[in-house]
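Below: one structure, written as structure tokens.
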Amino acid sequence: LIPHVRYMLDFTLNRLCRWLRILGIDAGLETEEEERMRTKEGNLEIFDRCRRERRTLITSSSKLTHRKDCPPGTYRLDTKALCNLELSLVHLLLS
């Protein structure tokens, strides 16, 4: 049984988000506009959404995980170390 955890994924992980949803896992995705605001303006709406919606953040950005206002329990997925999406998914679900 997979525990009921609500995830929020950054925009770069949209394929993984789709697979999590197919598997019945509650996964939200940062919008394209939120991603643009985050990368260009430094507005971290994704942190606020995680807190407001009580979601665990999954990101591929080490910069996000090193910020002091990063939500607790944030999970960084190293997409370069994992060969493909399927391995990333297994790694996430087993950790």
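Any value given below was found using the heavy atoms of this structure, including those in side chains, with hydrogens, waters and symmetry copies removed.
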Report whether Leu29 and Ile25 are members of the same hydrophobic cluster (ILVMFWY, side-chain heavy atoms less than 4.5 Å apart, transitive linking). yes
Common cluster, Leu44/Met37, ILVMFWY with side-chain heavy-atom separation under 4.5 Å: no
Validation row: Thr59, Ile46 side chains within 4.5 angstrom (heavy atoms): no
Using side-chain heavy atoms (C-beta onward) and a distance below 4.5 Å, is Glu45 in contact with Arg52? yes
What pairs with [X] under salt bridge (Lys or Arg N to Asp or Glu O under 4.0 Å), at least two apart in sequence or on another chain?
X	answer
Glu35	none
Arg55	Asp26, Glu53
Asp48	none
Arg54	none

What's the separation between atom [atom1] in [X] and atom [atom2] in [Y], rounded to the nearest 0.5 Å?
X	Y	atom1	atom2	result
Met8	Cys17	CE	SG	8.5 Å
Arg38	Glu34	CZ	CD	9.5 Å
Leu77	Leu9	CG	CG	8.5 Å
Arg18	Leu13	CZ	CG	12.0 Å
Thr74	His66	OG1	NE2	11.5 Å

Under the side-chain hydrogen bond (donor to acceptor under 3.5 Å, both in side chains) test, which residues partner Ser61, sequence neighbours left out? none
Sequence neighbours left out, what passes side-chain hydrogen bond (donor to acceptor under 3.5 Å, both in side chains) with Thr65? Give chain and number order. none
Which pair of heavy atoms, one from [X] and one from [Y], lies closest together, and at what distance?
X	Y	value
Asp10	Ser60	OD2-N, 3.1 Å
Thr31	Phe11	C-CD1, 4.0 Å
Phe47	Leu57	CE2-CD2, 3.7 Å
Pro71	Cys50	CG-CB, 4.0 Å

